[in-house]
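Down below is the structure, laid out as structure tokens.
The sequence lines fix the lettering, A, B, ..., with proteins before strands; numbering per chain opens at 1. Because the structure is a prediction, the values reported are computed rather than measured.
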Amino acid sequence: MGRRIGFPYMGTSPLALKMILEDLGHEPVVPTRPTKKTLSLGVKFAPEFACLPLKITLGTMIEVLDRGAEVIVTSGGVGPCRAGQYAQIQEAILKRLGYDFKMIVLEPPRKDILGFARHLHFLKGRRSWLTLWNVIKRGYRKIQALDQVEQALHRTRPRELSRGDADRAFTRALTVIDGARSGDEIEEARLQGLALMNAVPQDRDLDPLRIGIVGEIYVVLEPSSNLNIERHLGELGVEVHRSIFLTGWTQDNAIVEGGGHSVKKAAQPYLPEMIGGHGQDSVGHTVIYAQEGMDGVIQLGPFTCIPEIVAKGILPQVSKDWDIPVFSVFLDEQTGEAGLRTRLEAFVDLLARRRAARQNGGDLAV
Amino acid sequence: MGITVGIPRALGYYAYHPIWMAFFDALGIETVVTPPTTKGMLDAGVKDAVMDACVPIKVFHGHVAALKDKVDYIFVPRLVNVEGSSVFCPKFLGLPEMVRFSRNDLPPLIDIRIDLRKGFGEFYRICLRVGRLLNKGVVATTRAYLAAVSGARRLHRLLRSGLTRLEALEVLGNPLANVVGGEASVLLSRRQPYIRPGANSKSPISGGKDLVFALLGYPYAVFDPYISVGLVDKLKGLGVTIVTPPMLHPRLLRQQGRSFSKLLFWLFSDETAKGAYHFINDAMVDGVIHVTAFGCGPDSLTDKLLEMRCADAAMPYLSLMIDEHSGEAGIATRLEAFADMVRRSDTARIRTLTEHQAAAGGE
């Protein structure tokens, strides 16, 4: 018997999770893109000083429970980032609100392989382990396809001739990928999605400003939590390079411990300790982006995020040593989109002047 | 001229200073401990620290700034793990770097990594590393290591005899601690019985006169009188006896682990939560006060857990958030109101109890 299974929302992952659950014979309760209402629900019941990701995911959990989910699948963690503790707190909060459901917390398998296997056994239902393996493999392929199309979106946005074309093409590409099931279909959808992005009328000779985005995974991946920062940057003519994609995260966290060696190595002189979350990665990626000649770096973190606060304390030194402007943005439910847009415009303006000054061989003073 | 090492009176100081002190003393290293936090120190810290940090981190920066021209080294250990599998808050893990990159006129930091998960003898190896850095031989360092170990033992003994961390620091910092008379002996004479597993939990209802509150929160926030705006003294002034989780036997704390579906990752949060559950479950206290710093990451969860637990157990609960703008009057008012509320509800409970007994006796 299939179960009605819901899960929290993050980036493009719902498309892959939906397929995985359907193919295992369950009835997925797919969360919708978080809205103001989702956030208000989360803010109302979450601890006041928990970070934005807890509040948004709590809101989406309430929404899927209201739509009849009996089971919620979510991720765990080994700390010391708070996110590893969220599932338990969220479960306690939701149960106190009177919801009756089963919470499945997928901890990294390297920590508790038996518990992980038990959860998989529940999720696979009556399907065979081989089916499960195949479904997960296809799910991963789908995530890869989604990530690639999203990267194409980042490239296309600053170059599009008519504003909004790239985002419209991206939405179409998502629909195509969403419809793909078998391995071959997913591969075809991937190519079709990339072709859709490529077909957007664009200025191919443009050499846009390039900004690297580092920070905490949820606010980096989820546009509704970062007030569509990537779209704003794209509209300001900036090519966005993102340090985190779903595929990279899955590799680093689910399969092998301590992935991303080069990032950790780059962070070494500034932060030799793994401090949880993406704190060390934020520092390492900033160094790497400087080496790659990016024009600037934006650090995104949720308000009160401990690892990102530590990183923020260290980034000014990285910025000085590598001569790369770094702009830290901490987001919470109070952050306004227009305010952020103004600050982004100022930052982009600064980067454009720096680049112009460099090209003229002069210094910043005009 | 010998080497001097500066120790900021902040963060880890409140939990581990007697151990460090015993080590450096036995090593023949002169140490300079900063005076208690002042407004000037906090202001300096606010300027140096990253804006989003919590007030204890800002205070730490202030203490570092106060030491910078006075010593050869500043002791900023990277506290990672000291017991079990719990780690320190990420801000402790990145503390040496946050300090180092906050200003460029600092003396070298002793940023030794303390991670006792590495197994037996790791504490000794850590001591040897510090000894080598300070040009001390293996023999001298070994002697200092043994002193540190016995310092740790004395500290734990004092804590479990019912002293708060601050009182234990006073006793251990006072050379007359073992002599009759003096402030230290006053503290020692006041101590409560060692809270052992199986000991009778005392009935806290004592006619609304002698309140017992569990005082929860991280030692560096609760026991820094500047950060907590004299909270501990205010409670004593209100006639409240305080109990804190370190007064509990480790086994009692471990037993509470069963109540959690997943233990909190961070050492002080874990201790706080387990201690609180014990005090609440055994009804050893009349109320629970949780002191938390504005923006504290681990506390956003710890506080919610305590709030839910206290609500379930009908235990009066006060969550006191402090930051660099906390005012004395505001805190005093809230504490008084809380104590009054608890006293009144206690009296009400006793009255109901006596009425019940009277009714039962009358039948």
Side-chain angles (χ1 to χ4, degrees), chain A residues 45-51 54-55 76-93 95-96 103 105 107 111 267 269-277 279-280 283 301-321 328 330 332, chain B residues 48-54 57-58 61 78-81 85-104 111 113 115 260-267 269-270 273 292-309 311-312 319 321:
Chain A
F45 300 113
E48 184 182 358
F49 286 91
C51 67
L54 179 138
K55 295 175 181 173
V78 292
C81 166
R82 284 180 285 173
Q85 221 95 62
Y86 280 179
Q88 284 73 21
I89 288 275
Q90 288 172 326
E91 183 178 7
I93 292 173
K95 296 238 156 112
R96 287 173 80 86
M103 184 87 136
V105 189
E107 299 282 353
K111 194 188 160 215
Y270 298 98
L271 185 56
E273 186 73 28
M274 156 75 199
I275 57 168
Q280 202 184 17
V283 174
F303 178 63
T304 74
C305 170
I306 329 171
E308 293 306 327
I309 289 174
V310 175
K312 186 185 174 186
I314 294 168
L315 283 175
Q317 187 71 36
V318 181
S319 170
K320 204 163 30 170
D321 290 354
S328 295
F330 279 67
D332 69 5
Chain B
D48 285 347
V50 50
M51 185 184 73
D52 308 69
C54 55
I57 295 280
K58 290 176 179 168
H61 278 86
R78 190 194 308 282
L79 291 163
V80 179
N81 162 283
S85 59
S86 52
V87 292
F88 284 82
C89 165
K91 283 175 194 156
F92 278 75
L93 304 188
L95 187 64
E97 282 74 28
M98 283 206 284
V99 169
R100 179 170 298 130
F101 298 129
S102 67
R103 51 191 308 154
N104 48 22
D111 60 349
R113 186 172 190 275
D115 183 357
F260 296 83
S261 52
K262 186 174 188 176
L263 292 175
L264 291 167
F265 297 138
W266 317 280
L267 179 75
S269 317
D270 183 57
T292 163
F294 177 84
C296 171
D299 265 353
S300 61
L301 305 182
T302 315
D303 190 60
K304 188 76 187 176
L305 279 179
L306 299 183
E307 184 196 310
M308 293 192 288
R309 187 76 198 84
D312 288 344
S319 171
M321 184 163 289

Would you give the length of the straight line joining atom CD of A:Glu273 to atom CG of B:Asp111, rounded to the nearest 0.5 angstrom?
10.5 Å
Is B:Leu95 in contact with chain A via its backbone, its side chain, both, or neither, using a 4.5 Å heavy-atom distance?
neither
Which one of B:Pro96, B:Gly94, B:Ala311 has the most heavy-atom pairs closer than 4.5 Å to chain A?
B:Gly94
Which one wins on heavy-atom pair count under 4.5 Å against chain B: A:Gln85, A:Gln88, A:Glu308?
A:Gln85
Of B:Pro298, B:Pro90, B:Cys89, which meets side-chain contact (heavy atoms from CB on, under 4.5 Å) against A:Pro80?
B:Pro90
Kindly compute the distance separating CE (B:Met321) from CD (A:Glu48), expressed to the nearest 0.5 Å.
6.0 Å
When heavy-atom pairs shorter than 4.5 Å are enumerated against chain A, which of B:Phe92, B:Phe260, B:Phe265 gives the highest number?
B:Phe265
Does a sphere of radius 6.0 Å around NZ in A:Lys95 hold more than 12 heavy atoms from other residues, nucleotides or ligands, not counting ones at 6.0 Å or beyond?
yes
If you tally heavy-atom pairs under 4.5 Å against chain B, which of A:Gly279, A:Gly77, A:Ser328 wins?
A:Gly77
Max heavy-atom pair count under 4.5 Å with chain B, selected residue of A:Gly84, A:Ala311, A:Pro316, A:Gly76:
A:Gly84
Please determine, among A:Thr304, A:Ile306, A:Ile314, the option with the most heavy-atom pairs under 4.5 Å with chain B.
A:Ile306
Determine whether B:Glu97 and A:Val283 make a side-chain contact, defined as any pair of heavy atoms from C-beta on separated by less than 4.5 Å.
no
How long is the span from the CD1 atom in B:Ile57 to the CD1 atom in A:Ile309, to the nearest 0.5 Å?
9.0 Å
Within a strict 4.5 Å, meaning less than it, do heavy atoms of the B:Arg100 and A:Gln317 side chains meet?
no
Kindly compute the distance separating CD1 (A:Ile275) from CZ (B:Arg78), expressed to the nearest 0.5 Å.
9.5 Å
When the 4.5 angstrom heavy-atom criterion is applied to A:Val105 and chain B, the contacting part is neither
The reported gap from CG in B:Asp303 to CZ in A:Phe49 (rounded to nearest 0.5 angstrom) is 10.0 Å
Contact part of A:Glu107 toward chain B, heavy-atom cut-off under 4.5 Å: side chain, backbone, both or neither?
side chain
Checking heavy atoms, do the side chain of A:Cys51, its backbone, both or neither come under 4.5 Å from chain B?
neither
Residue part contacting chain A, namely of B:Lys304, when any heavy atom lies under 4.5 Å:
side chain
Would you say the side-chain atoms of A:Lys312 pair up with the backbone N or O of B:Met51, donor to acceptor, closer than 3.5 Å?
no
Looking only at A:Ala87, A:Pro272, A:Gly276, A:Pro307, the option with the highest number of non-hydrogen pairs under 4.5 Å against chain B is A:Pro272
Plane angle bin for B:Phe101 and A:Tyr270 - parallel if under 30°, tilted between 30 and 60°, otherwise perpendicular:
tilted
Quick check for you: among B:Leu305, B:Val80, B:Leu93, B:Thr292, which has the greatest number of heavy-atom pairs under 4.5 Å with chain A?
B:Leu93
Which atoms of A:Pro269 come close to chain B, meaning under 4.5 Å heavy atom to heavy atom: side chain ones, backbone ones, both, or neither?
backbone
B:Asp312 and A:Arg96, any side-chain heavy atoms less than 4.5 Å apart:
yes
Determine, step by step, whether A:Arg82 and B:Ser300 satisfy the side-chain contact (heavy atoms from CB on, under 4.5 Å) criterion, reporting the C-alpha distance in whole Å, the side-chain angles of both residues, the deciding distance to 0.1 Å, and the verdict.
CA-CA 9 Å; A:Arg82 284 180 285 173; B:Ser300 61; 2.9 Å; yes
